[in-house]
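Worksheet for the structure shown next.
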Amino acid sequence: MRVAVWGAGSLGLLWADRLAGRFSETVLITRTRTQRDEIKVRGIRVTGTDGACHHRQIQVEWAGSEELPRLDAVFITVKQRILPRIAPRLAEVCSPSASLFLWQNGLGGEKFFLPYFFPGQIYRAVTTEGALRKGPTHVCHTGGGESWVGPACGGDFSPVVERLIQELSSESVRIFPVADLRRRVWEKLAVNCVINPLTALWKVPNGALPEREEFFIRMEEILEEVVRVAGAEGIPLSMAELRKRVLSVCHHTATNRSSMLQDLDRGVPTEVDFINGAVAETGRKRGIPTPHNEHLTRLVHQAESEVV
């Protein structure tokens, strides 16, 4: 089975290393030819949570290549805004029964693949692990955690996917199959709805958020809206548990700069439409006001326009 990781950011490099250690035909697919060429020469360098470092040589291809190998399973680790561009390309290079694993933060990524793949081929993944890319070939595993995989559109796991998860799972790689992933997706979305826009707008690392007095007011406003919208979707969430999760992430990833803050720093569009914007859109469909998430979405878009 040829397994691919599409996207060589922090999470992509981390999972490419893990997959290559278990599946000999693993291939990493990069956005740029420059990164592909560097990885061909240097391989991947991974610094673990304990500070230990190792290198791994891996097959690597550029996404724009006309001769990509046929893929049987793909970990898709690009930003959600990239999904509409790569969905038709994946349809060209995947085998007819290929399985796709979506590792994005926001909601709704599966809709970009449904015109090209059967619903049963699409899986969602949620992780609490932390990773930071230090360069084109170097990633630091900044925080241990767990990952869960489940069918994005309902239904059962394919035997191939069950075996893949079983082979990946180990004491150091905690990944589990979950029949209904929706609650975990919304729990992570709630955390991202707080941390991502506030760090981006205040230009601070995650750990600096609780140091600001207004943070706790903003957190309550955002989470209350997420809980109401999720409840209307049939997914009960606990405010007390979400508060703990937000503060835990701030503590355990204190030095991390959120992906939204990094996007603003680089002058590229953020994923706010798929995070706070997704809560606002779902709220509109359900008739639930979400003024705070709507306001944050507008502010982030304003910040994007100011750095372009």
Side-chain angles (χ1 to χ4, degrees), residues 2-49 52-94 98 100-105 109 112-113 125 127 129-143 147 168 173 256-271 274 307-308:
R2 179 173 282 116
V3 183
V5 176
W6 198 293
S10 54
L11 200 60
L13 290 174
L14 183 67
W15 279 105
D17 172 65
R18 292 170 168 179
L19 287 162
R22 290 166 171 79
F23 300 95
S24 59
E25 292 187 277
T26 297
V27 56
L28 174 61
I29 299 173
T30 67
R31 182 178 61 85
T32 68
R33 283 179 285 192
T34 300
Q35 188 181 19
R36 175 202 61 187
D37 294 342
E38 289 199 40
I39 293 173
K40 275 187 176 181
V41 173
R42 301 181 184 179
I44 296 173
R45 180 186 176 196
V46 181
T47 301
T49 54
C53 186
H54 70 267
H55 289 79
R56 186 184 300 280
Q57 292 301 135
I58 187 172
Q59 181 182 351
V60 59
E61 303 286 348
W62 169 50
S65 171
E66 295 182 2
E67 298 182 357
L68 289 178
R70 184 65 65 181
L71 307 177
D72 301 308
V74 187
F75 279 37
I76 303 170
T77 58
V78 299
K79 295 291 183 68
Q80 185 132 317
R81 57 185 170 79
I82 307 297
L83 298 183
R85 300 210 302 265
I86 69 169
R89 181 66 172 134
L90 278 162
E92 295 174 353
V93 301
C94 283
L100 309 180
F101 301 86
L102 311 183
W103 289 83
Q104 289 68 41
N105 285 328
F112 301 116
F113 296 93
T127 188
E129 294 198 276
L132 178 65
R133 201 182 89 166
K134 303 291 283 186
T137 68
H138 182 198
V139 62
C140 291
H141 188 197
T142 56
S147 301
L168 271 177
V173 181
N256 281 16
R257 295 171 68 80
S258 74
S259 59
M260 198 171 289
L261 174 56
Q262 291 182 55
D263 285 341
L264 285 185
D265 286 343
R266 293 195 300 265
V268 300
T270 72
E271 294 183 291
F274 302 102
V307 298
V308 170

Taking the side chain as everything from C-beta on, heavy atoms only, tell me whether Thr137 gets closer than 4.5 Å to Val41. no
Tell me which pairs pass salt bridge (Lys or Arg N to Asp or Glu O under 4.0 Å) where either residue lies in residues 69-79, with sequence neighbours left out. Lys79-Asp263
Over all heavy atoms of both residues, which pair between Leu83 and Val78 is shortest? Give the atoms and the distance, please. CD2-CG2, 3.8 Å
side-chain hydrogen bond (donor to acceptor under 3.5 Å, both in side chains) with Thr77: which residues, sequence neighbours excluded? none
What salt bridge (Lys or Arg N to Asp or Glu O under 4.0 Å) pairs are there with at least one residue in residues 56-65, not counting sequence neighbours? Asp17-Arg56
Can you check whether Leu168 reaches Leu19 side chain to side chain, under 4.5 Å on heavy atoms? yes
When you measure from the side chain of Gln104 to the backbone of Ile76, do you find a donor-acceptor pair of N or O atoms at a distance under 3.5 Å? yes
Check side-chain contact (heavy atoms from CB on, under 4.5 Å) between Ala125 and all other residues, then give those that pass, not counting sequence neighbours. Trp103, Val149
Partner residues of Thr270 under the side-chain hydrogen bond (donor to acceptor under 3.5 Å, both in side chains) criterion, sequence neighbours left out: Glu304
Value for CZ (Phe112) from CD1 (Ile82), rounded to nearest 0.5 Å, stands at 11.0 Å
Could you check whether any side-chain N or O of Arg89 sits under 3.5 Å from a backbone N or O of Gly64, counting only pairs where one atom can act as donor and the other as acceptor? no
dist Arg133:CZ -> Leu11:CG (nearest 0.5 Å) comes out at 12.5 Å
Might you work through the side chain to side chain contact (heavy atoms under 4.5 Å, CB included) test for Val27 and Leu71, ending with a clear yes or no? CA-CA 9 Å; Val27 56; Leu71 307 177; 3.8 Å; yes
Could you pull out all residues at least two apart from Phe113 that satisfy ring pair (Phe, Tyr, Trp, His ring centres under 6.0 Å)? none
Not counting sequence neighbours, which residues clear salt bridge (Lys or Arg N to Asp or Glu O under 4.0 Å) with Glu66? List them please. none
Listed by chain and number, what are the side-chain contact (heavy atoms from CB on, under 4.5 Å) partners of Arg18, not counting sequence neighbours? Leu14, Trp15, Glu129, His141, Val173
Test ring pair (Phe, Tyr, Trp, His ring centres under 6.0 Å) applied to Trp6 - qualifying residues, sequence neighbours left out: none
Suppose we screen for side-chain hydrogen bond (donor to acceptor under 3.5 Å, both in side chains). Which residues come up paired with Thr127, at least two apart in sequence or across chains? Ser147
Just how far is it from atom CD1 of Ile29 to atom CG of Leu90, taken to the nearest 0.5 Å? 7.5 Å
What distance do Ile44 atom CD1 and Ile58 atom CD1 have between them, rounded to the nearest 0.5 Å? 4.0 Å
Closest heavy-atom contact between Arg81 and Pro269? NE-O, 2.8 Å
Heavy-atom closest pair, residues Val74 and Cys94: CG2-SG, 3.9 Å
Taking all non-hydrogen atoms of both residues into account, name the closest pair between Ala16 and Leu28 and its distance. CB-CD1, 4.0 Å
Taking only residues two or more places apart in sequence, or in another chain, which ones meet Arg257 in a side-chain hydrogen bond (donor to acceptor under 3.5 Å, both in side chains)? Asp265
Side chain to side chain donor-acceptor pair (under 3.5 Å) partners of residues 24-46, not counting sequence neighbours, each pair once: Arg2-Glu25
Heavy-atom closest pair (Pro69 atom, Gln59 atom, distance to 0.1 Å) is CG-NE2, 4.2 Å
Do Thr47 and His138 come within less than 4.5 Å of each other through their side chains, counting heavy atoms only? yes
